[in-house]
Every structure is written in structure tokens, then in C-alpha cells.
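Here is the structure we will look at, set down as C-alpha cells.
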Amino acid sequence: MASVGPSAASTQPALPSGPAVFKTIPYAFILPEIICGTWVWILVAATSVSLPLLQGWVMYVSLTSCLISLLLLLSYLLGLHRNSENWKVLDSLYHGATAILYMSAAVLQANATINSEFSTNGPPNYQLNCAASFFAFLTTFLYILHAFSIYYQ
């Protein structure tokens, strides 16, 4: 009689809990996503918003994503996932959808930056918009990395 090897479920890597979250790819991307996303909405809020429809969407996406990512990070730190495979699917879907939303927000912020270049508010407003655009694209990249690196574990 042949011996039975480990099941497919036991060969899957365990989801990190506690401080191991900060040492495991892709979960280590969550904190930089939160930090860069926070910079986006701080910088947009510091500008004199000349295009409220464009920058309102940027603020909504960045603030909502920041809060949901913070809740996701806390759930990993506290071990609320209980090593369920459904969390990997949830995590991948969330980060993939957020990457798409952040890309739209980054493009709109870049458009607002271009429009603010020759505004009456001068160089400080333009520089803040440039920094917000940079962090929006950086955050988009982090969300894309997170969403795709789940498949390469």
C-alpha cells in the first residue's frame, strides 16, 4: 500500500499573521500603499482645488483605499484570516480593483497638475500637484505589484 503524501491544501504557504506581515511579499506592500496613499490625499488637500470634480475623485479613491487597506493590514496583524484561502482571493480582488481605481485617480491628478501649471495660484500649487501626481502613480504601482505577486507565491 502506497503512503499518502500531504494534501494540496497543506502545501500552500500559510498567510502571515502578526509582525510576519511586514516580512512577507506581497503583504509587505500594504504599509507602503497606506503611506503613499496618505501622501496623495494630504498633498491634494493642501492645494487650492481648482478642479473639484477631478480632485474630488482623487481624494475619494485615496482616502477610501487608505482606510480599507488599513483595515486589511489590521486584520492580518490580528490573524483574523485564520489562514483561509478565501483571504488570498479577497486580497487579490481588492488590490486589483483598487489598482484600476488608483490609475484613474492618478491620471485625473496628472490632468489637474497640467491645468494648474499656469494658474494664478503660482508655483507652490503646481509643485504640490506634481508631488500628488507622483505619489498617485507610485501608489498605483504598489497596488499592481501587490495584486499580481499573490499569484507568484
Side-chain angles (χ1 to χ4, degrees), residues 3-49 51-114 116 125 127-153:
S3 64
V4 178
S7 67
S10 65
T11 61
Q12 295 291 329
L15 294 173
S17 294
V21 171
F22 300 114
K23 300 175 187 173
T24 309
I25 300 292
Y27 309 101
F29 291 131
I30 296 176
L31 191 59
E33 291 164 2
I34 293 170
I35 292 169
C36 290
T38 303
W39 273 111
V40 171
W41 62 266
I42 287 172
L43 290 166
V44 172
T47 66
S48 61
V49 177
L51 301 164
L53 189 61
L54 299 181
Q55 291 181 303
W57 176 250
V58 175
M59 290 289 288
Y60 173 76
V61 169
S62 60
L63 188 57
T64 304
S65 301
C66 189
L67 292 175
I68 294 173
S69 293
L70 184 61
L71 289 174
L72 192 62
L73 177 63
L74 288 175
S75 66
Y76 279 121
L77 287 174
L78 299 175
L80 298 178
H81 54 74
R82 300 178 197 256
N83 211 19
S84 171
E85 286 299 311
N86 295 334
W87 276 81
K88 279 188 176 182
V89 174
L90 172 77
D91 191 274
S92 179
L93 288 175
Y94 165 70
H95 282 87
T98 305
I100 293 168
L101 293 175
Y102 240 110
M103 179 58 79
S104 70
V107 169
L108 291 175
Q109 180 58 38
N111 185 16
T113 302
I114 291 167
S116 72
N125 196 37
Q127 292 167 350
L128 289 170
N129 279 319
C130 283
S133 294
F134 170 77
F135 279 107
F137 281 106
L138 179 63
T139 308
T140 302
F141 180 67
L142 288 170
Y143 275 104
I144 290 170
L145 277 178
H146 188 127
F148 282 113
S149 61
I150 289 174
Y151 294 110
Y152 297 108
Q153 285 185 335

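Every value quoted in this text rests on a predicted model; they were computed, and no experiment measured them.
Under the side-chain contact (heavy atoms from CB on, under 4.5 Å) criterion, I100 pairs with no residue at all, not counting sequence neighbours. When the side-chain contact (heavy atoms from CB on, under 4.5 Å) test is applied to S75, the partners found at least two apart in sequence or on another chain are L72, L80, W87.
From S62, atom OG reaches atom CG of L67 across 9.5 Å, with rounding to the nearest 0.5 Å. Here CG of L43 is found 10.0 Å from CE of M59. Values are rounded to the nearest 0.5 Å.
For the pair A147 and S92, the tightest heavy-atom approach, listed with the atom from each and the gap, is O-OG, 3.7 Å.
Not a single donor-acceptor pair under 3.5 Å links the side chain of T64 to the backbone N or O of V61.
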Quick one: side chains of residues 29-42, donor-acceptor pairs under 3.5 Å with protein atoms, not counting sequence neighbours, listed by atom name and distance.
unit_1	atom_1	unit_2	atom_2	d
E33	OE1	H95	NE2	3.0
E33	OE2	H146	ND1	3.3
T38	OG1	I34	O	2.6

For residues 128-144, which side-chain N or O atoms pair as donor and acceptor with protein atoms under 3.5 Å away, sequence neighbours left out?
unit_1	atom_1	unit_2	atom_2	d
N129	OD1	Q55	NE2	2.9
N129	OD1	Q109	NE2	2.9
N129	ND2	S116	OG	3.0
N129	ND2	N125	O	3.2
S133	OG	Q109	O	3.4
S133	OG	T113	OG1	2.8
S133	OG	N129	O	3.0
T139	OG1	F135	O	2.6
T140	OG1	Y102	O	3.3
T140	OG1	A136	O	2.8
Y143	OH	S69	OG	2.7

